[in-house]
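Heavy-atom basis, side chains included; hydrogens, waters and symmetry copies ignored.
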Amino acid sequence: MSPQTKPKSERTERYDPQPIERRWQQRWEADQLYLTRDDDPRPKWYALTMFPYTSGNLHIGHWWAMVPSDTQARYKRMQGYNVLFPMGFDAFGLPAENAAIKDQTHPAEWTFANIERMREQLKTMGAMFDWSREVITASPDYYKWTQWWFLKLLEYGLAYKQNAAVWWCPNDKTVLANEQVIDGRCERCGAVVSKRDLDQWFFRITRYADELLDFSGIEWTPQIESMQRNWIGRSEGAELRFGLDVAGVDTNEVRVFTTRPDTVYGVTFFVLAPEHPLVEQITTPAHAEEVRAYVEAARRESEIERTSTEREKTGVFTGAYVINPFNNERVPVWIADYVLATYGTGAVMGVPAHDQRDFEFAKKYGLQIIPVFNHPDWDGGELEHALGHGGTMINSGPFDGTLDDDAIPAVVKYAEEHGFGTGTVNYRIRDWLISRQRMWGAPIPVVYCDTHGMVPVPEQDLPVLLPEDAEFRPTGESPLTYHDGFLHTTCPIGGEPARRETDTMDTFMCSSWYQMRYIDPHNDERPFSRELARKWLPVDQYTGGAEHAVMHLLYTRFFTKAARDMGIIGFDEPFTRLFNQGQILGPDGQRMSKSRGNVIAPDDQVQRWGADTFRCYLMFLGPWDQGGPYDPSGISGVHRWLNRVWNVVTGGAVTADLPDAPETRDLRRWTHRTIERVTHDIENFRFNTMIAALMELTNELTRIRESGTTVDAAAWREALRSLVLMLAPPAPHIAEELWQRLDEPYSVHTQSWPSFDAALAAQDEVEIAVQVNGKLRERLALPVDAPEDAARDRALASDRVAPHLAGKEIVRIIYVPNRLLNIVVKG
RNA sequence: GCCGGGGUGGCGAAAUCGGCAGACGCAGCGGACUUAAAAUCCGCCGCCCGCGAGGGCGUGUGGGUUCGACCCCCACCCCCGGCACCA
């Protein structure tokens with residue numbers, strides 16, 4: 001045994017993560033190692049992971065979401081960036097209020113106790129969060145500015161109050177935004193929602209519908225872009241005016257939105273939504289009873305029933321007719337619940353020959369069906385279903401013979417020239433409803449005065465503070481309504497007695513701008529300074545779950561664009577790059593929940609294996625964007641790996657000065673090749689293969705060490721240093737410990753990321769595959785970039801290849817240098 | 001129905017540009033060390049045939065392009081997510 005190799009008894013110090021992790025976390029905090037300075041001259045990198053809701057405990061999903069994000073942020077720091085990686089808490093919301101009702105306490109108590117616990121749990125992760133910038137949305141110095149944003153949006157005409165039919169959750173006893181209704185149910189509690197007519201505050205997100213469809217200049221995932229596009233639901237078409245001539249009705253037209261104006265000559269009936277305002281006026285006495293009964297029945301149905309695509313269409317005739325301006329045909333007006341009051345104009349022109357829903361309706365009620373396109377699939381007989389797009393126009397007066405692709409523009413032009421209607425774009429997205437009849441949110445900063453009406457609270461009077469002693473009764477009205485001290489105030493204009501708005505803001509409003517507050521969290525003059533905004537914003541890399549695609553991620557884009565138009569910031573998008581991790585599930589493949597009993601507590605994993613092992617295992621599980629079940633059994637493999645790292649770094653190997661030995665070249669190739677792979681993987685969010693590459697290097701070093709081979713001292717040290725440096729982002733504690741044991745200067749986290757030398761990473765000799773007719777027959781070791789004839793000669797000489805060539809003619813040889821040689825034979 | 005993402009060993013997965021399918025790890029099997037266990041280390045590990053050398057098959061299904069396809073094209077099946085009587 002060589003003197004450099006320590007006897008076994010002397011290297012029994014085993015890898016023991018807990019004391020190491022505790023010690024370095026304390027040291028880093030004492031040294032303010034992760035404090036981000038605004039005056040650091042290096043290029044900035046703003047990395048952000050979605051802040052947690054203050055639900056009580058940190059769960060595995062938080063680790064799953066934050067650890068890779070932290071790993072990449074640490075890597076960016078080692079790459080020479082001045083990295084901002086902040087953390088905070090999304091602290092307003094219903095669970096706190098519900099807990100307060102149950103325990104007869106104040107939601108603030110529950111929330112801030114949770115924050116204390118979660119902050120400590122977050123610290124065990126060993127992430128590089130800069131806690132000096134912590135933001136808590138429920139603290140007055142934050143929500144003051146949330147209220148300020150509301151005033152700005154109001155001033156700019158992007159906030160308005162309106163009476164409207166809005167979604168109501170009977171369980172949470174508050175209204176909800178459209179985005180919070182999933183399949184007719186409350187996004188939070190799952191209760192079936194209903195509609196209520198209420199005076200509510202809205203933000204004009206629809207004004208930005210088109211711009212929100214533009215994702216150029218940002219790198220987001222196709223998934224989120226697709227979800228946002230679907231949600232915004234842009235449809236090009238036309239709004240057409242049908243003539244109405246009913247005595248006693250004050251209008252002489254009904255407007256309809258259609259995506260197929262080119263089928264207007266095929267209109268054989270007209271349908272209004274049961275809620276359409278004209279229904280009552282136009283219905284003839286003979287049909288009044290039937291119509292009233294139908295409208296009543298429609299009102300009683302839940303949205304889930306009404307919008308089911310499965311059910312058969314129903315409707316009733318109103319007795320009224322409208323005139324198709326194109327051909328002066330008089331068509332009957334029906335009402336049917338398959339027409340939605342909230343989309344388009346709440347009216348549909350019935351073209352049964354070219355729309356399957358209209359077709360089914362016409363078949364059921366014996367309405368006429370007139371094809372207006374000579375579709376190639378149509379034999380001219382009676383239709384069995386609606387015809388698709390294609391063919392030339394027929395039965396369409398002046399348009400007969402027009403090709404399908406020219407039809408829509410031609411009809412729209414004609415409509416515009418004759419005053420029948422205009423080409424238009426319709427959107428599915430509605431304005432964002434932000435009022436909530438709940439107490440634990442930012443109060444909407446307006447008052448109502450008998451003399452002056454609605455009056456915004458002046459900026460210098462912000463924040464409108466939440467009372468500390470509200471009584472919580474889930475009544476369907478904000479508890480603030482019963483709090484006299486809160487409710488009664490004076491008018492900012494004339495000093496008259498006035499009432500405060502008692503609704504609070506949707507918590508998504510708080511999270512629409514939190515990324516801007518992190519850059520200047522203690523500013524009490526403004527939400528943030530313009531100078532710091534210019535330095536830090538927008539966020540360079542955001543990461544989080546896809547469940548926020550049409551809520552948080554859409555709202556904050558709207559906010560950013562509004563802020564830009566108000567001159568507050570100078571950019572268009574909040575997050576330049578967005579990466580979505582998949583969802584981590586319980587070991588049974590189900591969502592983790594207490595009731596299923598499949599919850600894996602991160603605290604337990606950290607206690608048993610250490611934070612570094614848990615961090616690396618989460619990243620090793622599989623591709624981050626994929627998600628999947630958490631299999632607790634595999635973690636031992638990652639722990640064994642870190643053990644091997646520990647043993648190989650602390651245990652040493654037999655070394656000497658051997659700069660020219662072939663083994664030295666091999667070892668350096670391993671080192672540089674691994675740096676190349678890890679660098680590539682970490683840039684591209686491929687944390688699973690990053691860990692695999694580090695494992696391979698470790699295995700190679702272990703092989704050298706176990707075999708007792710003598711290696712070059714400098715190359716060995718280079719390998720160990722590189723390994724520990726690359727370990728610093730994914731496993732920050734063991735890396736710091738091993739760095740110190742290598743007698744390198746504190747801290748490993750302020751070192752530069754190792755760079756690789758492509759020449760050293762390159763192979764001298766490669767194994768190429770030899771195929772005969774595409775089937776693998778031999779593998780040959782050849783020098784890199786070997787010429788074709790050398791490869792061919794070796795291949796043809798091989799006795800594994802020869803039998804497959806016997807008696808056959810070589811037609812062709814394909815040679816791909818450094819990869820393969822394929823011999824094509826015939827006969 | 002429309003949009004997006006997928007389908008590879010017993011399991012999680014890998015394969016940078018159309019070029020050796022299954023890296024890395026779990027589980028399993030065999031071995032070294034040990035009184036024993038743990039820990040550590042070494043070997044095997046897609047399926048079928050064969051004692052073996054070796055051969056055949058193999059990336060959801062069926063076709064196609066190509067010397068060569070997990071990868072590209074066409075048709076289809078299945079899974080996950082989103083939107084959906086949206087006119």
Student: If you check the A:R14 side chain, which of B:C67, B:A39, B:A87 turns out closest?
Tutor: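 Nearest listed nucleotide: B:A39.
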Student: When we call it a touch if two heavy atoms are under 4.0 Å apart, what does A:D625 touch: a base, just sugar-phosphate, or nothing?
Tutor: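 Answer is nothing: A:D625 stays at 4.0 Å or more from every strand.
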Student: Ignoring hydrogens and geometry beyond distance, is the side chain of A:R819 in donor-acceptor contact with the base of B:U16 at under 3.5 Å?
Tutor: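 Donor-acceptor pair under 3.5 Å: no.
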Student: Quantified in whole Å, what is the P atom distance between nucleotide B:G60 and nucleotide B:G55?
Tutor: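 The answer is 26 Å between these two P atoms.
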Student: NA contact type, A:R640, heavy-atom cut-off 4.0 Å: base, sugar-phosphate, or nothing?
Tutor: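 Counting heavy atoms under 4.0 Å across all strands, the contact made by A:R640 is with sugar-phosphate only.
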Student: Where the side chain of A:R800 is defined as all heavy atoms beyond and including C-beta, which of B:G19, B:A15, B:G54 is the nearest nucleotide?
Tutor: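 Closest of the options to the side chain of A:R800: B:G54.
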Student: Side chain of A:L340: nearest nucleotide among B:C41, B:C85, B:C24?
Tutor: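 Looking only at heavy atoms from C-beta outward on A:L340, the closest nucleotide is B:C85.
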Student: Tell me what A:R673 touches on the nucleic acid: a base, only sugar-phosphate, or nothing, going by heavy atoms under 4.0 Å.
Tutor: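 Answer is base: heavy atoms of A:R673 come under 4.0 Å of a base.
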Student: Would A:R428 pass as a cation-pi partner of A:W231, given that its NZ or CZ must be under 6.0 Å from the six-membered ring centre and within 45 degrees of the axis?
Tutor: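 So A:R428 does make the cation-pi contact.
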Student: Check A:R673 with A:E700, please: is the shortest side-chain N to carboxylate O separation under 4.0 Å?
Tutor: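 Answer for the salt bridge query: no.
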Student: So which one's nearest nucleotide on RNA chain B is more toward 5', A:G627 or A:E312?
Tutor: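 Comparing both residues, the 5'-ward one is A:G627.
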Student: Looking only at side chains, do A:E360 and A:Y338 share a donor and an acceptor under 3.5 Å apart?
Tutor: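 On atom types as modelled, these side chains do not qualify, holding no pair under 3.5 Å.
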Student: Decide yes or no, distance alone: a donor-acceptor N/O pair under 3.5 angstrom between the base of B:C67 and the side-chain of A:N822.
Tutor: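 Indeed, a donor on one side and an acceptor on the other fall under 3.5 Å apart.
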Student: Using a heavy-atom cut-off of under 4.0 Å over every strand shown, decide if A:Q771 touches base, sugar-phosphate, or nothing.
Tutor: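 Base, at least one base heavy atom under 4.0 Å.
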Student: Using distance alone, with no hydrogens and no angle criterion, decide if A:T424 and A:T422 have a side-chain donor and acceptor under 3.5 Å apart.
Tutor: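 No, no side-chain donor-acceptor pair sits under 3.5 Å.
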Student: For atom C1', what is the distance between B:C47 and B:A38, given to the nearest Å?
Tutor: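 Going atom to atom, C1' in each nucleotide, I get 36 Å.
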Student: Can we say A:R260 and A:D358 salt-bridge, meaning some charged N sits less than 4.0 Å from an Asp/Glu carboxylate O?
Tutor: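 Salt bridge flag = no for A:D358 with A:R260.
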Student: How far does the P atom of B:G7 sit from the matching atom of B:C72, given to the nearest Å?
Tutor: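 Comparing P positions in B:G7 and B:C72 gives a spacing of 11 Å.
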Student: Please work out if A:V824 contacts a base, only the sugar-phosphate, or nothing of the nucleic acid, heavy-atom cut-off 4.0 Å.
Tutor: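 Sugar-phosphate, backbone atoms only, no base.
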Student: Is the shortest side-chain N to carboxylate O distance from A:R792 to A:D789 below 4.0 Å?
Tutor: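 Between A:D789 and A:R792 there is no salt bridge, as every charged N stays at least 4.0 Å from the carboxylate O atoms.
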Student: A:V339 near the nucleic acid: base, sugar-phosphate alone, or nothing, with a heavy-atom cut-off under 4.0 Å?
Tutor: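 Base: the residue A:V339, judged by heavy atoms under 4.0 Å, touches a nucleobase.
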Student: Categorize A:E767 for me: base, sugar-phosphate, or nothing, with a 4.0 angstrom heavy-atom threshold over every strand shown.
Tutor: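 The answer is base, as A:E767 lies within the cut-off (heavy atoms under 4.0 Å) of a base atom.
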Student: To the nearest Å, how far apart are A:M690 CE and B:A13 P?
Tutor: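 In whole Å, B:A13 P lies 17 Å from A:M690 CE.
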Student: When the P atoms of B:A13 and B:U8 are considered, how many whole Å apart are they?
Tutor: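 The same atom, P, in both gives a distance of 9 Å.
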Student: When the C1' atoms of B:G9 and B:C83 are compared, how many Å lie between them, rounded to an integer?
Tutor: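 Looking at atom C1' only, B:C83 and B:G9 are 37 Å apart.
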Student: State the pairing partner of B:C57; accept Watson-Crick or G-U wobble contacts with both distances under 3.5 Å, and report none otherwise.
Tutor: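 Across any shown strand, B:C57 pairs with B:G46.
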Student: Is the base of B:C24 syn or anti, if syn means a glycosidic angle within 90° of 0?
Tutor: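 Glycosidic conformation of B:C24: anti.
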Student: With syn defined as a glycosidic torsion within 90 degrees of 0 and anti otherwise, which applies to B:G7?
Tutor: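 Because its glycosidic torsion lies more than 90° from 0, B:G7 adopts the anti conformation.
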Student: Once you apply a heavy-atom cut-off of 4.0 Å, does A:L621 come out as touching a base, just sugar-phosphate, or nothing?
Tutor: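 It contacts sugar-phosphate atoms only.
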Student: Of the nucleotides B:A14, B:A21, B:C83, which one has an atom closest to the side chain of A:L776?
Tutor: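 Selected nucleotide: B:A21.
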Student: Tell me the partner of B:C67, counting only Watson-Crick (N1-N3 plus N6-O4 or O6-N4) or G-U wobble (N1-O2 and O6-N3) with both under 3.5 Å; none if nothing fits.
Tutor: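 When the pairing criteria are applied, B:G19 turns out to be the nucleotide that pairs with B:C67.
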Student: State which of B:A14, B:C26, B:C24 makes the closest approach to the side chain of A:S636.
Tutor: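 Output: B:C26.
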Student: The side chain of A:K313 is closest to which nucleotide in this list: B:A87, B:G5, B:C85?
Tutor: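 Closest of the options to the side chain of A:K313: B:C85.
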Student: When both hydrogen-bonding distances must be under 3.5 Å and the geometry is Watson-Crick or G-U wobble, what is B:G62 paired with, if anything?
Tutor: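 Looking at the geometry, B:G62 pairs with B:C74.
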Student: Are side-chain heavy atoms of A:L621 and A:Y630 found at a separation under 4.5 Å?
Tutor: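 Yes; the side chains approach each other to less than 4.5 Å.
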Student: Taking the side chain of A:S226 as heavy atoms from C-beta outward, which of B:C83, B:G19, B:C3 is closest to it?
Tutor: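 Out of B:C83, B:G19, B:C3, the nucleotide with an atom closest to A:S226's side chain is B:C3.
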Student: Tell me the partner of B:U8, counting only Watson-Crick (N1-N3 plus N6-O4 or O6-N4) or G-U wobble (N1-O2 and O6-N3) with both under 3.5 Å; none if nothing fits.
Tutor: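 WC or wobble partner does not exist here.
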Student: Closest approach to the side chain of A:F620, judged atom by atom: which nucleotide of B:G5, B:G12, B:A87 is it?
Tutor: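 In terms of side-chain proximity for A:F620, the closest of B:G5, B:G12, B:A87 is B:G12.
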Student: Just to be sure I understand the rule, does A:H639 reach a base, reach only the sugar-phosphate, or reach nothing, if contact means heavy atoms closer than 4.0 Å?
Tutor: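 Contact class for A:H639: none.
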Student: Partner of B:A14 by Watson-Crick or G-U wobble geometry, both contacts under 3.5 Å, or none?
Tutor: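 WC or wobble partner does not exist here.
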Student: With nearest nucleotides of RNA chain B determined for A:F257 and A:W641 from heavy-atom distances, which residue corresponds to the more 5′ nucleotide?
Tutor: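 This one resolves to A:W641.
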Student: Taking it one step at a time, do A:E275 and A:R306 satisfy salt bridge (charged side-chain N to carboxylate O under 4.0 Å, His left out)?
Tutor: CA-CA 13 Å; A:E275 300 86 348; A:R306 255 195 81 168; 2.5 Å; yes
Student: If B:G81 has a Watson-Crick or G-U wobble mate with both distances under 3.5 Å, name it; if not, just say none.
Tutor: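 Answer to the pairing question: B:C3, which forms a Watson-Crick or G-U pair with B:G81.
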Student: Identify which nucleotide among B:C24, B:A14, B:U40 has an atom closest to any side-chain atom of A:M695, counting heavy atoms from C-beta outward.
Tutor: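 Shortest atom-to-atom distance from the side chain points to B:C24.
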Student: Which nucleotide in the list B:G25, B:C57, B:A14 gets nearest to the side chain of A:R644?
Tutor: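 Looking only at side-chain atoms, A:R644 lies closest to B:G25.
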Student: Looking at every strand, decide which applies to A:N684 at a 4.0 Å heavy-atom threshold: base, sugar-phosphate, or nothing.
Tutor: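 Since no nucleic acid heavy atom lies under 4.0 Å of A:N684, the category is nothing.
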Student: Decide yes or no for A:L554 and A:I429: does some side-chain heavy atom of the first lie under 4.5 Å from some side-chain heavy atom of the second?
Tutor: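 A side-chain contact exists here, since the closest heavy-atom pair is under 4.5 Å.
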Student: Base, sugar-phosphate, or nothing for A:R234, non-hydrogen atoms under 4.0 angstrom?
Tutor: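 Contact class for A:R234: none.
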Student: Looking for any heavy atom pair under 4.0 Å, which part of the strands does A:P629 touch: base, sugar-phosphate only, or nothing?
Tutor: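 Nothing, no heavy atom under 4.0 Å.
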Student: Which part of the nucleic acid does A:S235 contact within heavy-atom distance under 4.0 Å: base, sugar-phosphate only, or nothing?
Tutor: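 Touches sugar-phosphate only.
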